[in-house]
Amino acid sequence: MSEYEEYSICKDAQLTLKKAHEDGVETAWDRLKKQEPQCGYCELGVSCRICVMGPCRIDPFGEGPQRGVCGADADIIVARNLARMIASGAASHSDHGRDLLEVLHKIGHDKAPGYTIKDPDKLRRIAKEYGVDPANLDDKELAKRLAEAMMEDYGMKKDRITFINRVPKQRVELWDKFRVTPRGVDRETSETMHRTHMGVDNNYVSILLHAVRNSLSDGYGGSMIGTELSDIIFGTPKPGMSEVNLGVLKEDHVNILVHGHSPIVSEMIGLAVEDKGMLQLAKEKGAKGINLAGLCCTGNELMMRKKIPMAGNHLMTELTMVTGAVEAIIVDYQCIMPSLGQVAQCYHTKLYSTSDKAKFPNMEHVEFTPENAREQAFRIVREATENFSRRDRSKVYIPVTPVKNMTGFSVEAIVEALGGSLDPLIDAIKAGKIKGAVGVVGCNNPKIKQDSGHVGLIKGLIANDILVLTTGCVNVAAGKAGLQVPEAKELAGPGLREICGLLNIPPSLHVGSCVDNSRIVAIACALANAIGVDIDKLPLAAAAPEWYSEKAATIAFYAMASGIFTVLGVMPPILGSKNVTQLATSGLNDVFGACFAVEPDPVKAAGLITNHIMEKRKALGLPL
Ligand code: BF8
Ligand code: SF4
């Protein structure tokens with residue numbers, strides 16, 4: 001086995017990583033090596049630098065200090081650190097949702113030229129959910145009113161955020177009982193920061209219960225608003241074919257990549273690359289055309305709606321430039337490694353940051369606002385196209401050909417594929433053709449062989465007749481492995497194979513970006529409501545095999561609090577507190593009917609999840 005096969009299961013990653021080293025480029029894998037051994041206190045979650053009486057740490061062996069300067073013990077320190085992770089994840093998704101809300105509001109005020117309402121039916125449906133009567137209102141007026149109603153969800157005018165209405169009654173009663181029903185999106189994040197200041201909440205259980213409330217303010221608040229507004233403004237995804245891996249870059253085209261999370265910027269870039277004048281310019285520069293491809297969740301957004309191909313996931317982002325074929329990368333925010341600028345120094349790639357809140361070393365900043373987005377997009381695409389002349393064609397290395405994948409499974413698209421209601425899915429679950437469903441979500445993490453966790457787990461699950469829904473970076477992994485085409489039904493068990501054949505869908509469905517985990521919980525709510533039970537009774541589970549991000553911790557928490565058993569492939573920093581670990585891995589079951597497990601081995605994780613699903617089936621009296 002070559003060194004590179006230890007890093008990733010993907011050919012494109014292995015080959016470009018080798019070239020990166022030949023070119024003298026440093027990657028996340030190299031930097032991880034330099035960091036090792038990583039700090040043991042931090043890994044266990046027992047270091048605290050919340051105030052400057054510290055930094056403090058607790059000796060996990062019981063010989064050294066057992067309390068910080070303020071007197072906080074391991075339970076308090078671990079719980080506070082975990083709560084702060086969750087607050088950051090919730091803030092990231094929810095601030096992304098807020099940016100979409102701002103665009104919707106500006107569409108209503110005619111201040112967002114270039115943006116329109118692409119799904120007016122959905123605008124009307126969501127407005128009704130917010131108690132705004134769409135009758136006699138045009139799209140613009142409705143956009144304004146819905147935006148204003150959603151803004152209230154962010155603040156403190158309400159005692160619960162609006163989309164809680166989607167959640168089964170029994171679950172909301174449970175949340176009310178434990179006082180974790182989220183009141184306002186920003187309020188809960190702000191309260192987490194307050195509670196975890198020195199000298200506020202010093203009970204690890206109550207800190208963690210508030211962290212649950214904070215995560216729910218993301219899953220049913222900021223993220224759900226983000227997803228629904230992206231659909232309203234950019235169109236609700238429909239199934240269709242696209243392509244994944246580094247082979248989506250074209251040797252004879254100008255290649256432009258968009259990276260980050262928000263579709264606000266990339267949508268405009270998408271318009272600019274189709275402009276006739278730009279194509280003309282590309283031809284003058286010797287290129288056959290302009291090729292747009294995505295990375296990470298911005299890529300997921302474009303792929304879901306426009307079938308724009310994806311060049312890679314998190315650990316591929318640095319490697320794209322090593323092909324020597326990328327004229328520009330345009331980033332918005334989240335999961336953008338600050339190393340990109342350093343890699344770009346070795347090639348001709350131009351990098352652009354676009355958001356005031358996300359600037360990076362060695363990137364040119366071109367500020368995008370709803371007002372100027374169109375103009376700025378044209379400017380960047382023009383510069384990128386001109387940059388084609390600087391490409392050293394003798395050094396271009398695109399090591400693979402693309403793999404086809406099917407994408408676009410919004411909740412609406414799934415319901416449509418089923419013929420108008422969830423009933424056929426429920427019938428298939430009841431009959432045991434589909435044993436259950438699992439959301440496989442999250443990132444890449446250089447601590448885990450790239451994509452091995454995702455692909456291993458998905459294969460294990462579908463073989464056991466479990467339908468898989470993927471979001472985020474998992475999608476690229478599953479796509480590259482050929483799991484997201486209808487033909488992948490051959491890898492599924494007999495029941496799932498039959499259903500996939502009937503509907504002509506893959507056994508692993510791409511439901512979107514990480515904010516689109518809200519689509520998965522929305523389906524879970526709809527299934528529970530249709531069957532008339534709480535979510536924790538359903539044969540469902542979630543998994544984040546290669547997670548790295550605080551956002552993934554938040555997602556895991558709101559999945560668990562929704563009643564969905566969640567398996568993590570990477571240990572969260574909690575082992576320094578026996579009490580917190582016990583609560584996370586079993587105690588929460590008594591509260592929410594679900595808890596966490598940590599299992600890095602994808603085969604074992606698939607077994608764990610299958611057992612869980614079979615237990616839920618048994619309890620419901622369904623055939624095994
Ligand atoms: O929000 S899966 S590495 S890109 S955090 Fe980031 Fe993780 Fe990818 Fe998307 Ni999600
Ligand atoms: Fe140390 Fe307490 Fe300050 Fe944390 S909050 S750094 S444990 S004194």
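Order of listing sets the numbers, starting from 1, for every ligand and every atom in it. This is a predicted model, so every value here is computed, not measured.
Looking only at protein heavy atoms, the nearest one to atom 3 (Fe) of ligand 2 is C51 SG, 2.3 Å. The shortest contact between atom 8 (Fe) of ligand 1 and any protein heavy atom is with C473 SG, 2.3 Å. Residue, atom and distance of the protein heavy atom nearest to atom 6 (Fe) of ligand 1 are C335 SG, 2.2 Å. For atom 4 (Fe) of ligand 2, the nearest non-hydrogen atom of the protein is C48 SG, 2.3 Å.
Remark: R305 is not positioned above the aromatic ring of F234, lacking an NZ or CZ atom under 6.0 angstrom from the ring centre and at most 45 degrees off the axis.
Taking 4.0 Å as the cut-off, Y548 counts as a neighbour of ligand 1 on heavy-atom distance. Contact between R80 and ligand 2 is present, with at least one heavy atom of the residue lying under 4.0 Å from the ligand. Ligand 1 has G442 within reach: a non-hydrogen atom of the residue lies less than 4.0 Å from it.
Residue side and main chain included, C70 places an N/O/S atom under 2.8 Å of atom 2 (Fe) of ligand 2. Residue contacts to atom 4 (Fe) of ligand 2: C56 brings no N, O or S atom closer than 2.8 Å.
Proximity of Y204 to D73: side-chain heavy atoms (C-beta onward) are nowhere separated by under 4.5 Å. When side chains are defined from C-beta on, C525 counts as touching Y220, because their heavy atoms get closer than 4.5 Å.
Using a 4.0 Å cut-off between charged side-chain N and carboxylate O, R84 and E550 make no salt bridge. For the pair K33 and E6, the salt-bridge criterion is not met [side-chain N within less than 4.0 Å of a carboxylate O].
The distance criterion of under 3.5 Å between nitrogen or oxygen atoms is not met by S549 with respect to ligand 1. Below 3.5 Å of separation, one finds an N or O of H261 facing an N or O of ligand 1.
No donor-acceptor contact under 3.5 angstrom links the side chains of S217 and E188, judged on distance only.
Counting heavy atoms closer than 4.0 Å to ligand 1, residue C443 contributes atoms from both its backbone and its side chain.
Looking at N202, its side chain does come within 3.5 Å of a backbone N or O of V200 through a donor-acceptor pair. At least one donor-acceptor pair closer than 3.5 Å links the side chain of N405 to the backbone N or O of E243.
Note on ring orientation: taking the six-membered ring where Trp is involved, the planes of Y548 and H314 are parallel (angle under 30°, cut-offs 30° and 60°).
Atoms of ligand 2 lying under 4.0 Å from any heavy atom of G54, numbered from 1 in the order shown and given with element: 1 (Fe), 6 (S). Close approach of ligand 1 to C514 is summarised as follows: ligand atoms under 4.0 Å from at least one heavy atom of the residue are 1 (O), 2 (S), 9 (Fe), 10 (Ni). Under a 4.0 Å criterion applied to the non-hydrogen atoms of M198, ligand 2 contributes the atoms 5 (S). Interface of C297 with ligand 1, defined as ligand atoms under 4.0 Å from a residue heavy atom, comprises 1 (O), 4 (S), 9 (Fe). Against a heavy-atom cut-off of under 4.0 Å, C296 is close to the following atoms of ligand 1: 4 (S).
For the side chain to side chain contact (heavy atoms under 4.5 Å, CB included) test with M303, the passing option among N475, I308, T298 is N475; the others fail.
Taken to the nearest 0.5 Å, the CG atom of L351 stands 10.0 Å off from the CZ atom of F360.
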